[in-house]
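Here is the structure we will look at, set down as structure tokens.
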Amino acid sequence: MAEFPIETVRGRFPALSLVDDGRRRIYLDNPAGTQVPLTVADAVSRCLLSTNANLGGFFETAVAAQQVVDRAHAAMADFLNAASVEEIVIGANMTTLTYHMSRTLGRTMKPGDEIIVTRMDHEGNVSPWLQLAEDLDLVVRFLPFNERSWQVEEAALEALLSEKTRLVALNYASNLTGSINRVKALTEIAKRAGALVYVDAVQFAPHGLIDVQELGCDFLICSAYKFFGPHMGILWGRRDVLDGLEPYKCRCSSNVLPERFELGTPQIELMAGLTAAIDYFANLGASAGEGGSRRQRIAKAFEVSIAYENALARQLIEGLSDIEGLVIHGITDPERLAERVPTISFTVEGIEPETIVRQMNAENIFLWSGHNYAWEVVHQLGIPAEQGVVRIGIAHYNTAAEIEETLESVHRVIAMLRQERS
């Protein structure tokens, strides 16, 4: 495999060259949102300046705006391998879309029906279902993850399913532990029981190729700002399922797909940025030697970026493992790196995560502490929710030198804090 073109990649992201009082920035806050290529910012700007109009008109800017919207749906169909652009619903963000879809799906449920949610998910794929259950007198069953494998196990799901199960809400990868679930296998089990499957792929989408047709799920959702795009969410829904749903919407708005699930005026300029983000992946795949379709080039981009990110994750995990009293909450076996995304969370005995993060932020190393909305994860692990973890999230624009500098900072800060305590 050709060497990953890290310098070329970094050159496409203007934020990576910013300095503060002469100090470089190290962006390891990526699970909360990535930086964007210049092409994404240019696309947003160009749309606002030259195609700024609402949809439905016959004049030049309205026609051009519709083309922007159509291109965004087509780009996401390629990114997710959807069977049709009509299966792509674009909206404000993952949580808003999930709340909207949960209420729509609630119209098909009755008191006593059951929903399964996991203890591995971001709260955006838990609270909407809990509150729907409260509204409709549904039964909620919680599916834990295995604390040895760090994944949701098939047998655990099978044990919860019943003839009353109407929906299983799964996540593809944890935003705290980084673990990747075997979504295809879990989906097959849920579908045999007659349940719909709703997959949160927000944390997986920046780090792995998604194929909704292969997964077999009914819904899958992700967020563009996690994979180098603008702040918006994208929901894929299986066409035959969407056709049978009655969404909450204005009486006079369109009844066609996907418009009937896209409430109000769309974020047209952000859709322009979304297309540019997808084309960024395609261009990365082309630079790695793939000359085929956009989908094929996207696949190649993930092939080369996964290998690069896994090397950085291995470097980070090995460096953190040297610190006495530090516990990594997630897969650490180097032979299992393919079963996790490069999001590494840890706690240190006797030191609050925020104390570590504040010191490292002061060194212009950007990362987060807290539960990061992985509310069920911290509770299952017995981690105080008010403290949470230190979370370091790698993207494919990070470098081995940045990881080494970050490790030096972690060692130094922990030693300093321990010295202050003694």
Side-chain angles (χ1 to χ4, degrees), residues 1-20 23-45 75-76 78-79 173 178 202-210 222-231 272-316 337-338 340-344 364-367 392-407:
M1 183 183 299
E3 185 177 351
F4 187 74
I6 183 58
E7 293 306 322
T8 300
V9 165
R10 288 180 65 84
R12 293 175 179 165
F13 290 82
L16 303 185
S17 62
L18 296 177
V19 295
D20 302 291
R23 294 180 303 173
R24 54 82 193 105
R25 295 180 176 184
I26 297 179
Y27 294 92
L28 292 169
D29 57 330
N30 300 302
T34 53
Q35 302 305 306
V36 303
L38 180 60
T39 50
V40 169
D42 282 347
V44 173
S45 175
M76 280 307 304
D78 286 344
F79 191 71
V202 170
Q203 289 298 318
F204 183 79
H207 306 291
L209 184 68
I210 296 172
C222 55
S223 298
Y225 68 99
K226 309 286 187 174
F227 55 82
F228 318 117
H231 285 88
L274 174 60
T275 301
I278 303 305
D279 285 339
Y280 162 75
F281 279 98
N283 290 335
L284 177 58
S287 69
E290 176 57 59
S293 68
R294 179 161 59 182
R295 174 67 182 178
Q296 290 171 319
R297 285 177 281 137
I298 291 168
K300 185 66 174 181
F302 277 112
E303 178 186 332
V304 296
S305 64
I306 288 169
Y308 178 78
E309 289 178 348
N310 282 351
L312 297 184
R314 181 192 298 264
Q315 177 188 358
L316 180 59
L337 287 179
R340 67 166 303 141
V341 297
T343 296
I344 290 90
N364 252 24
I365 300 174
F366 301 163
L367 61 159
I392 301 176
I394 294 168
H396 69 235
Y397 51 53
N398 292 122
T399 68
E402 289 180 327
I403 301 303
E404 184 58 36
E405 192 168 348
T406 298
L407 285 168

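No hydrogens, no waters, no symmetry mates; every other heavy atom, side chains included, goes into these values.
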I'd like to check the ring pair (Phe, Tyr, Trp, His ring centres under 6.0 Å) partners of Y397; sequence neighbours left out, ordered by chain and number.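 Applying ring pair (Phe, Tyr, Trp, His ring centres under 6.0 Å) to Y397 gives F13, F228.
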Any side-chain to backbone donor/acceptor pair from [X] onto [Y]? Under 3.5 Å, distance only.
X: Q203; Y: G178; result: no
X: S305; Y: A301; result: yes
X: Y225; Y: V36; result: no
X: N364; Y: I26; result: no
X: R25; Y: S17; result: no

Residues which pass salt bridge (charged side-chain N to carboxylate O under 4.0 Å, His left out) with E402, listed by chain and number, not counting sequence neighbours: R10
Contact between [X] and [Y] at the side-chain level, heavy atoms closer than 4.5 Å - yes or no?
X: R12; Y: T39; answer: no
X: E290; Y: E303; answer: no
X: I394; Y: T343; answer: no
X: R295; Y: L209; answer: yes

To the nearest 0.5 angstrom, please state how far the [atom1] atom of [X] sits from the [atom2] atom of [Y].
X: L16; Y: T399; atom1: CG; atom2: OG1; answer: 9.5 Å
X: L316; Y: E309; atom1: CG; atom2: CD; answer: 12.5 Å
X: I403; Y: L28; atom1: CD1; atom2: CG; answer: 5.0 Å
X: K226; Y: N30; atom1: NZ; atom2: CG; answer: 10.0 Å
X: D78; Y: I298; atom1: CG; atom2: CD1; answer: 5.5 Å
X: H207; Y: N310; atom1: NE2; atom2: CG; answer: 10.5 Å

Only pairs under 3.5 Å count here: list side-chain donor-acceptor contacts from residues 279-287, not counting sequence neighbours, and write none if there are none.
unit_1, atom_1, unit_2, atom_2, d
D279, OD1, R294, NH1, 3.1
Y280, OH, H396, NE2, 2.7
N283, ND2, D279, O, 3.2
S287, OG, L284, O, 2.7

So which heavy atom on [X] is nearest to which on [Y], and how close?
X: V304; Y: A288; value: CG1-CB, 3.9 Å
X: L274; Y: A224; value: CD1-CB, 3.7 Å
X: G273; Y: P230; value: C-CD, 3.7 Å
X: S223; Y: V202; value: OG-CG2, 3.6 Å
X: F302; Y: P206; value: CE2-O, 3.5 Å
X: A277; Y: F227; value: CB-O, 4.2 Å

Applying side-chain contact (heavy atoms from CB on, under 4.5 Å) to T34 and Y27, what does each step give before you reach the verdict? CA-CA 8 Å; T34 53; Y27 294 92; over 6 Å; no
